[in-house]
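Everything on this sheet refers to the single structure shown next.
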Amino acid sequence: METSLSQAYTDTHIPPHQIIPLDFESVRELPESHIWTPAVEDRHHNEREELLPVPPVIDLGAPDVTELVGNACRRWGMFQVTNHGVPLGLVDDVEAHARRLFELPADRKLKALRSPSGATGYGVARISPFFDKLMWHEGFTIMGSAVDHAKQLWPHRYEEFCDVMDNYQKKMKSIAYKILLIALKALGVDEEDEEKISSSMLYESNGALQLNSYPSCPNPRQAVGLAPHTDTQLLTILHQNNTNGLQIFQQGIGWIPIPPIPGALVVNLGDLMHILSNACFHAVYHRVVPNDTSHRFTVGYFYGPPIEAVVAPLAKLPSPRFRAVTVKEYIGIKNKHLEKSLSLIGI
Ligand SMILES: C=C1C[C@]23C[C@@]1(O)CC[C@H]2[C@@]12CCC[C@@](C)(C(=O)O1)[C@H]2[C@@H]3C(=O)O
Ligand SMILES: O=C(O)CCC(=O)C(=O)O
Ligand SMILES: [Fe+2]
């Protein structure tokens with residue numbers, strides 16, 4: 001059974017051949033379909049990388065955690081967290097199961113291909129139709145139970161995969177809620193407001209888990225792992241294995257690498273948080289670049305309100321910059337207009 005978030009995607013129809021990722025094992029050279037131009041050198045390497053400012057790593061148990069999170073949300077739209085309470089064994093299990101899934105032969109993975117109007121299963125990133133070239137990436141999306149697709153992948157051994165994904169989603173949901181409350185507090189939301197917000201849209205939250213795979217690439221300088229985008233939901237919690245690739249864009253600086261820190265989780269703010277905070281916090285623009293030596297695996301948890309909930313700038317923030325939208329309406333706008341979506345609801 002899927003949660004209702006998948007219903008926000010049923011209006012889109014993507015032909016099956018546009019959902020199928022490349023069979024990365026079968027190629028030794030970058031195919032034309034995956035060559036992105038112009039291939040500028042500094043897309044991947046900033047020579048003064050060690051001098052670049054980076055988003056903070058925040059101990060969630062720190063006494064001044066609200067101030068630290070608030071500053072990071074205002075300045076970066078991203079931070080990393082330690083002391084988050086997610087057992088490292090569970091994170092390792094999720095990574096191992098993601099690896100096991102993506103290492104299956106291509107014809108087996110295609111048995112769990114996302115359907116043309118579906119949101120879950122194996123396939124290219126949802127944003128792919130917006131770009132002429134294809135990404136060096138394959139993904140697997142889970143909303144609620146993964147059992148239907150897991151059975152297609154492993155007819156006789158699907159339970160362990162489902163159990164691990166369920167446990168991880170539960171854990172993610174609770175830490176996402178915790179981080180959200182800290183962020184709201186940093187915006188000046190008091191307990192009474194918080195209760196109102198919780199009963200209107202956060203009490204029943206919605207989540208999706210996205211397993212990402214970026215195999216090592218024969219010509220990484222001309223390829224893109226995941227094209228630049230902002231995430232749609234309130235916040236994303238990302239685990240990255242020990243392989244580099246994630247970068248964020250900062251005006252006046254350019255692309256900044258976010259190195260994996262063992263045991264830490266990356267927190268990204270998405271468009272709905274940008275709206276809710278009336279742009280006091282911002283959705284972070286990010287991308288993934290591939291490399292030619294190791295296979296990058298990541299696991300993202302996307303956390304947001306139910307699709308019928310209305311999201312609007314918090315009443316206590318002056319001069320609203322966005323009109324109110326339901327989550328479903330906003331996902332529909334994003335499916336059509338991608339980067340232009342926030343400006344389309346601007347007032
Ligand atoms: C809840 C979701 C966020 C996401 C779309 C999805 O339904 C599940 C996959 C997510 C993902 C992961 C890769 C980047 C991204 C933009 C995409 O194409 O699929 C995000 C989506 C998003 O934040 O809009
Ligand atoms: O794999 C990564 O590092 C980033 C993934 C991502 O941006 C996403 O899933 O939205
Ligand atoms: Fe993302």
Side-chain angles (χ1 to χ4, degrees), residues 2-10 12 14 18-19 21 77-78 80 95 98 102 114 117-131 134-144 146 169 172-173 176 205-215 224-249 255 257-260 265-274 283-291 295-307 327-328 330-339 341-342:
E2 291 181 357
T3 63
S4 60
L5 179 55
S6 59
Q7 286 155 20
Y9 292 93
T10 50
T12 43
I14 306 172
Q18 282 184 29
I19 301 176
M78 174 184 271
Q80 303 210 45
E95 186 185 314
F102 291 118
R114 196 167 72 225
S117 318
T120 60
Y122 178 69
V124 299
R126 284 212 80 85
I127 51 173
S128 296
F130 288 95
F131 302 89
L134 296 169
M135 302 173 207
W136 201 258
H137 164 271
E138 54 186 334
F140 185 85
T141 309
I142 299 170
M143 291 174 182
Q169 287 187 88
M172 283 296 122
K173 185 173 176 166
S205 72
N206 238 315
L209 201 62
Q210 168 83 4
L211 313 181
N212 293 307
S213 153
Y214 310 88
V224 167
L226 194 57
H229 66 279
T230 57
D231 295 343
T232 305
Q233 298 289 327
L234 285 171
L235 50 90
T236 306
I237 302 182
L238 185 85
H239 160 68
Q240 28 180 2
N241 76 338
N242 62 354
T243 299
N244 288 324
L246 178 62
Q247 301 184 337
I248 62 169
F249 189 78
W255 289 101
I258 306 296
L265 294 165
V266 177
V267 179
N268 279 346
L269 304 190
D271 295 354
L272 297 183
M273 183 67 105
H274 194 104
V284 66
Y285 196 53
H286 57 287
R287 70 178 185 184
V288 177
V289 295
N291 75 83
H295 196 145
R296 174 175 171 87
F297 295 99
T298 65
V299 182
Y301 179 77
F302 300 83
Y303 178 82
I307 60 170
V327 174
K328 181 165 184 193
Y330 189 73
I331 290 174
I333 295 172
K334 191 100 187 247
N335 281 340
K336 277 212 196 100
H337 303 285
L338 196 67
E339 290 179 16
S341 305
L342 280 175

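Counting starts at 1 for both ligands and their atoms, following the listed order. Quick caveat: nothing in here was measured; it's all calculated off a predicted structure.
- Ranking the protein heavy atoms by distance from atom 13 (C) of ligand 1 puts L226 CD2, 4.2 Å first.
- For ligand 2, the atoms sitting less than 4.0 Å from at least one non-hydrogen atom of F302 are 8 (C), 9 (O), 10 (O), numbered in the order shown with element in parentheses.
- With a heavy-atom cut-off of 4.0 Å, T236 does not touch ligand 2 at all.
- The protein non-hydrogen atom at the shortest distance from atom 4 (C) of ligand 2 is V288 CG2, 3.6 Å.
- Contacts with ligand 2 closer than 4.0 Å are made by side-chain heavy atoms of L238 only, the backbone lying farther away.
- Using a 4.0 Å cut-off between heavy atoms, M143 contacts ligand 1 through its side chain alone, with no backbone atom that close.
- Residue contact check for ligand 2: R287 places no non-hydrogen atom closer than 4.0 Å to it.
- The protein heavy-atom contact nearest to atom 9 (C) of ligand 1 is Q210 OE1, 3.4 Å.
- Protein heavy atom in closest approach to atom 10 (O) of ligand 2: D231 OD1, 3.1 Å.
- Heavy-atom proximity to A208, at under 4.0 Å, picks out these atoms of ligand 1: 1 (C).
- Checking Q210, Q240, H286, R296 against atom 7 (O) of ligand 2, the nearest heavy atom belongs to H286.
- In summary, the atoms of ligand 1 found under 4.0 Å from a heavy atom of T141, numbered by their order in the structure, are 8 (C).
- Nearest-heavy-atom check against atom 20 (C) of ligand 1 across F130, F140, Y301, F302 picks out F302.
- Nearest protein heavy-atom neighbour of atom 22 (C) of ligand 1: T232 OG1, 3.4 Å.
- The shortest contact between atom 6 (C) of ligand 2 and any protein heavy atom is with L226 CD2, 3.4 Å.
- Here N212 has no heavy atoms under 4.0 Å from ligand 1, in either its backbone or its side chain.
- Close to ligand 2: N212, with a non-hydrogen atom less than 4.0 angstrom away.
- Interface atoms of ligand 2 facing Y214, defined by a heavy-atom separation under 4.0 Å, are 1 (O), 2 (C), 4 (C), 5 (C).
- For ligand 1, the atoms lying closer than 4.0 Å to a non-hydrogen atom of L5 are 1 (C).
- Contacts between R126 and ligand 1, counted as non-hydrogen atom pairs separated by less than 4.0 Å, involve both the backbone and the side chain.
- Rounding to the nearest 0.5 angstrom, the gap separating the CG atom in L209 from the NZ atom in K173 is 13.0 Å.
- Residue D231 approaches the Fe ion (ligand 3) most closely through its N/O/S atom OD1.
- Comparing Y303, Y330, Y9 by heavy-atom distance to atom 2 (C) of ligand 1, the nearest is Y9.
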